[in-house]
Chemist: 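Just dropping this structure here.
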2 protein chains.
Amino acid sequence: MVSSPLDVLVRKLESIGPLSKDEQKAIYALPLSIRSVPEHQDVVHDGDRPTQSCVVLEGFLCRYKQLPDGTRQIHSIHVPGDMPDLQSLHLNVMDHGLATLTASKVAFIPHAALRKLMSEQPRVSDALWRDILVDAAIFREWIVNVGAREAYARLAHLLCELFLKLRAVGLSQDFTFQLPITQAELADATGLSTVHVNRSVMHLRSAGLITWERGECKIENWDELKRVAMFDPTYLHLNGEAKAA
Amino acid sequence: MVSSPLDVLVRKLESIGPLSKDEQKAIYALPLSIRSVPEHQDVVHDGDRPTQSCVVLEGFLCRYKQLPDGTRQIHSIHVPGDMPDLQSLHLNVMDHGLATLTASKVAFIPHAALRKLMSEQPRVSDALWRDILVDAAIFREWIVNVGAREAYARLAHLLCELFLKLRAVGLSQDFTFQLPITQAELADATGLSTVHVNRSVMHLRSAGLITWERGECKIENWDELKRVAMFDPTYLHLNGEAKAA
DNA sequence: CAGGGGCTATAACAAATGTTATGACAGCGG
DNA sequence: CCGCTGTCATAACATTTGTTATAGCCCCTG
């Protein structure tokens with residue numbers, strides 16, 4: 001059993017499609033530069049032209065846009081195993097920022113090395129493209145979330161998604177997972193005010209659907225949470241075992 | 001000067017990156033089956049496993065999800081030149097529907113032919129991937145739109161985007177373009193009620209920013225429309241001439 | 001040419017969500 | 001150990017947006 005910083009990336013990619021031992025080895029062979037980043041700090045700035053992409057090893061990151069009127073909208077939350085700026089391989093200017101939500105550990109891989117890997121290992125290339133497409137599928141679902149669900153369901157849905165993403169890379173047992181982010185950040189992700197996020201979290205608690213204390217969240221009633229969230233996991237395109245609930 | 005049904009696709013791809021004559025020829029050589037589809041009809045159903053992808057030749061299409069409570073959220077609007085289900089090449093199950101907004105003409109291309117094209121013409125492959133990534137960038141902006149902009153700005157933003165997309169494929173002159181869709185459809189796209197869409201459209205008119213009669217929309221004050229929309233076209237990743245305003 | 005259906009426009013009212021303010025509490029740094 | 005700062009919780013109130021209802025209009029079809 002190897003142990004590499006990129007184990008979590010391999011686990012993530014395998015949650016959406018299988019990889020052979022050779023393909024895994026090729027991923028482990030990627031040149032890395034690993035950086036620890038404090039909380040609330042940009043990893044990639046809006047407007048940058050990156051020459052490398054990153055893998056989340058530990059912690060939570062988000063992608064966001066800041067509007068001229070000061071509001072910030074988070075449009076994705078990233079957990080270990082994610083590659084949040086893979087698109088910069090083909091779109092050279094960043095149209096949004098990438099920042100840490102919590103203190104994180106991030107691995108950077110030069111674009112050149114990724115391109116080489118993708119040309120030598122077509123199935124790894126497919127897996128990475130698939131990852132980008134799932135990323136886009138999650139964006140679509142977020143549009144539905146902020147556009148069509150009321151506040152209570154919106155939060156419930158976000159929790160359902162985070163739970164499955166974390167469980168797919170082995171970061172959740174017994175419906176419990178780390179959720180070390182603030183209600184203000186949830187507000188930026190759901191397009192709600194912090195006050196209303198608080199109201200809705202209180203409501204989820206009093207309905208017995210979740211507990212959430214000191215950064216640890218537990219889903220107490222998964223079926224009911226899914227129901228109120230109108231959650232259908234198809235869009236995550238997880239393979240059989242990662243999707244089983 | 002050739003004239004092919006796929007001219008509009010070539011124009012679209014060239015609006016985000018150049019193609020050589022040979023590459024264009026390879027695209028024109030794709031096997032097509034062209035279908036006219038009446039308005040308000042599914043082209044691909046949620047849950048389908050398509051074996052072909054389509055190109056919009058004429059008309060307006062949208063991708064959408066229908067929630068259990070009956071609300072429909074549109075998460076993209078597609079115009080001629082777009083390939084709205086290109087992702088089905090790599091994600092085999094549709095997690096959303098694709099439907100016409102207006103009577104449309106659509107060309108279907110078998111996945112096998114697309115895969116062959118992409119393996120033989122790496123730069124066309126890059127262009128198609130780039131198209132998918134721009135698609136994802138538009139999703140991100142839509143999350144911002146429904147999550148962070150008030151109704152008035154939200155509509156303004158949607159009009160800015162449609163205008164630039166249409167102009168990039170030659171379907172707009174003098175800030176005028178066909179907008180043959182209903183306010184109810186705009187409501188589904190912006191996460192607003194039809195009544196509030198109407199209020200906001202009235203407001204845009206009375207502010208002198210647009211006129212919109214019998215399916216023809218004209219932007220009367222582009223700078224001001226962009227300003228109230230907080231519109232920044234970077235996310236469309238258009239090349240120089242397509243982006244000039 | 002008449003009738004009907006869908007779309008637009010508008011009003012009155014209801015509900016969801018935002019804003020501002022404040023207190024309690026926990027964690028951290030001096 | 002104290003005080004600061006950030007976060008959570010909650011209240012009172014403001015605003016935006018949704019809902020229901022209705023009327024007019026345009027366009028299509030018979």
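In what follows, chains are A, B, ... by sequence order, proteins preceding strands, each numbered from 1. Just so you know, these numbers come straight off a predicted model, no measurement behind them.
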Chemist: In whole angstroms, how far is the C1' atom of dA16(C) from the CZ atom of R154(A)?
Modeler: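 R154(A) atom CZ is separated from dA16(C) atom C1' by 10 Å.
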Chemist: Taking the minimum atom-to-atom distance to the side chain of L192(B), which one of dA9(D), dA9(C), dG18(D) wins?
Modeler: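 Nearest nucleotide to the side chain: dG18(D).
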Chemist: Would F163(A) and W222(A) satisfy ring-ring contact (aromatic ring centres under 6.0 Å, His included), going step by step from the backbone distance to the final call?
Modeler: CA-CA 10 Å; F163(A) 166 59; W222(A) 174 232; 5.0 Å; yes
Chemist: Taking the nucleotide of DNA chain C with the closest heavy atom to each, which residue, I181(B) or G191(A), is nearer the 5' end?
Modeler: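 Taking each residue's closest nucleotide, the earlier one in sequence belongs to I181(B).
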Chemist: Looking at dA9(D), I'd like to know if its phosphate oxygens (OP1 or OP2) sit under 4.0 Å from a side-chain N or O belonging to Q183(A).
Modeler: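 For dA9(D), OP1 or OP2 has a side-chain N or O of Q183(A) closer than 4.0 Å.
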Chemist: Among dT17(D), dC8(D), dA9(C), find the nucleotide with the atom closest to the side chain of N198(A).
Modeler: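 Closest nucleotide among those given: dC8(D).
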Chemist: I need the minimum non-hydrogen distance between L86(B) and S53(B), along with the two atoms involved.
Modeler: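 Shortest heavy-atom separation between L86(B) and S53(B) comes out as CA-OG, 3.8 Å.
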Chemist: At under 4.0 Å, does any side-chain N or O of R205(A) touch on OP1 or OP2 of dA9(D)?
Modeler: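 Yes, within the criterion.
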Chemist: Choosing from dG18(C), dG27(C), dT7(D), which nucleotide comes nearest the side chain of R214(A)?
Modeler: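 Nucleotide nearest to R214(A)'s side chain: dG27(C).
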Chemist: Reckon T182(A) touches a base, only the sugar-phosphate, or nothing at all at heavy-atom distances under 4.0 Å?
Modeler: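 Sugar-phosphate, backbone atoms only, no base.
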Chemist: Check if the side chain of R199(A) and the base of dG18(C) share a donor-acceptor pair of N or O atoms closer than 3.5 Å.
Modeler: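 Side chain to base: pair found, below 3.5 Å.
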Chemist: Near D69(A) CG, under 6.0 Å, is it more than 12 heavy atoms from other residues, nucleotides or ligands?
Modeler: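 Yes - once you tally the heavy atoms of other residues, nucleotides and ligands closer than 6.0 Å, there are more than 12.
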